[in-house]
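All remarks here apply to the structure that follows.
Atom set for the values below is all heavy atoms of this structure, side chains included, hydrogens, waters and symmetry mates excluded. Each chain gets a letter, A, B and so on, in the order the sequences are listed, and its residues count up from 1. Bear in mind the structure is a predicted one, so any value in this text is a computation, not a measurement.
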Number of protein chains: 2
Amino acid sequence: MRKRAENSPRLTAAARRAQLIEVGRAVFAEMGYEATAVEEIAARAGVSKPIVYEHFGGKEGLYAVVVDREVEYIVTRIVESVSTGSARERVEQSVLAFLTYVKERPEGFAVLLRDSPLSKQSHQMPALMYELADRIGEIFTEQFKMAGFDAKTAPIYAHALVGMVSFVGRWWTETQKPPPAETVASHIAALAWMGLRHLPKHPAPVVRKPTP
Amino acid sequence: MRKRAENSPRLTAAARRAQLIEVGRAVFAEMGYEATAVEEIAARAGVSKPIVYEHFGGKEGLYAVVVDREVEYIVTRIVESVSTGSARERVEQSVLAFLTYVKERPEGFAVLLRDSPLSKQSHQMPALMYELADRIGEIFTEQFKMAGFDAKTAPIYAHALVGMVSFVGRWWTETQKPPPAETVASHIAALAWMGLRHLPKHPAPVVRKPTP
DNA sequence: GCGTAAGTTACCTACCAGTAACCTACGGTC
DNA sequence: GACCGTAGGTTACTGGTAGGTAACTTACGC
């Protein structure tokens, strides 16, 4: 790592910053926040550590930028998907949007699945996907109100749906011979939609408790 | 931390070991694996650091024991729940078993939700819940085979169900005025059951693609 | 009163976030 | 075409923290 003028020329500040965000996302995805060393990011970018501090102020600064971009990206996609079509189309489009995100930005998805650094002080929210589920819950609440459903139950279904899609998404990325996104999305959307559609007004246990 | 003979007497090796597992689970749940210091665990147990090393060989040793116990505990509960009753009863009982676990062992659940230390080398499996989902997937595959369903689709539904229950479970624990476990379990089980029951043989997208 | 189980003090080592001070190549200017 | 300012970059260091260990000490049972 002596002479590096030939293999990696100097970049402009903007270009270097963009590159560091890319590299940072990859390393955070691979190692998790805590286990990531700033020097590792710098090394993979072909620069030295203080460059990272110059651009982002520190480890948390870079992490915040990476996370913010991912969350905004996927939330925007889902807001778009949920805003047109019939109710069922909205569900299916949202699920497909999420799976497309998982497929196209696997590293970003991995970052969102991992522990966040803030989780030590306020021990809530161990991973970003829960924050995302909360955001989706707000969207659902809005939609439930407009559609005349009980808005209080919206968070349950939002969390259930995000949980479903997250877990299936992870499984999907790690499967050797994965079915196409549309197929998986159809399955999940059908499951969720049919579940919602045939939901009784007041679900009650079907298990017969033994008489005391 | 000088004289501690009066407030915390010497324990037998077995008792100390059991206590350290309890304390370790709590600290890992609160801080996550990486951010947990062995000294913190030792201090909360009222002993010094080498005691932890004597019993478990190191941080990872204690973590492995904590995790193994939790996974075996919840898997056992679910295997029990899924082994009797009608198909729908099995679904509902399993969901209720999981939520009961979440309620009764919140620290164990929190540990399973967090990042695992093994995730840096084999970058798969960032959290233990995914391993649990895989285990449930095996159980489902068995059940699907016995019931005559397509066993290949079992993992999808297993991951979907575990994801649903995990996310709703976390939301449930953090809600100020949570509905009782039976109510939430009924909602989730109804959602899953009705979804499965009315699932078309070959789900297809309902979204009309614009003609090219 | 002695042997052993249970526990402690004090240390080493490695790593890592963050910083101060210095260097270099390029583009404009005369 | 030699000068020089500055953007982009480096080397070398500090302070703190945490995993792990060697050597020593205390209390209990026989």
Would you kindly give the [atom1]-to-[atom2] distance between [X] and [N], to the nearest whole Å?
{"X": "B:Ile41", "N": "D:dT17", "atom1": "CD1", "atom2": "P", "value": "18 Å"}
{"X": "A:Tyr33", "N": "C:dC16", "atom1": "OH", "atom2": "P", "value": "13 Å"}
{"X": "B:Met31", "N": "D:dT17", "atom1": "CE", "atom2": "P", "value": "13 Å"}
{"X": "B:Gln19", "N": "C:dG7", "atom1": "CD", "atom2": "C1'", "value": "13 Å"}
{"X": "A:Glu34", "N": "C:dA17", "atom1": "CD", "atom2": "C1'", "value": "12 Å"}
{"X": "A:Glu39", "N": "D:dT11", "atom1": "CD", "atom2": "P", "value": "10 Å"}
{"X": "A:Leu11", "N": "C:dA25", "atom1": "CG", "atom2": "C1'", "value": "14 Å"}
{"X": "A:Phe56", "N": "C:dA17", "atom1": "CZ", "atom2": "P", "value": "15 Å"}

5' precedence on DNA chain C between A:Lys49 and B:Ile51 (nearest-nucleotide basis)
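Here B:Ile51 is the residue nearer the 5' end.
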Of all the choices, [options], which nucleotide is nearest to the side chain of [X] once you look at every atom?
{"X": "B:Pro50", "options": "D:dT21, C:dA6, D:dG8", "value": "D:dT21"}
{"X": "A:Tyr53", "options": "D:dT21, C:dT19, D:dT10", "value": "C:dT19"}
{"X": "A:Glu54", "options": "C:dA17, D:dG9, C:dA20", "value": "D:dG9"}
{"X": "B:Lys59", "options": "D:dG19, C:dT9, C:dA6", "value": "D:dG19"}

A:Phe109 backbone acceptor or donor facing A:Arg170 side chain under 3.5 Å
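Looks like no, no N/O pair under 3.5 Å.
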Taking A:Trp172 for the side chain and A:Pro180 for the main chain, is one N or O donor matched with an acceptor at less than 3.5 Å?
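Side chain of A:Trp172 to backbone of A:Pro180: no pair is present.
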Checking A:Arg16 against A:Gln19: is there a side-chain donor and acceptor pair closer than 3.5 Å?
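Looking only at side-chain atoms, A:Arg16 and A:Gln19 do form a donor-acceptor pair, the distance falling under 3.5 Å.
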Would you check if there is a donor-acceptor pair between the side chains of A:Tyr101 and A:Glu70 at a distance under 3.5 Å?
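Yes, a side-chain donor-acceptor pair sits under 3.5 Å.
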Under 4.0 angstrom between A:Arg16 side-chain N/O and D:dG9 OP1 or OP2
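So the side-chain polar atoms of A:Arg16 do come within 4.0 Å of the phosphate oxygens OP1 or OP2 of D:dG9, strictly under.
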Measure the shortest side-chain to side-chain distance between B:Phe28 and B:Leu62 over non-hydrogen atoms and say whether it is less than 4.5 angstrom.
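Touching, per the 4.5 Å side-chain cut-off.
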A:Ile188 versus A:Val168: any side-chain heavy-atom pair under 4.5 Å?
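They are in contact (side-chain heavy atoms under 4.5 Å apart), so the answer is yes.
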Salt bridge (charged side-chain N to carboxylate O under 4.0 Å, His left out) partner of B:Glu30, the single match among B:Arg44, B:Arg114, B:Arg25
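The option that passes is B:Arg44.
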Protein-nucleotides 28-30 of chain D N/O pairs under 3.5 Å:
none

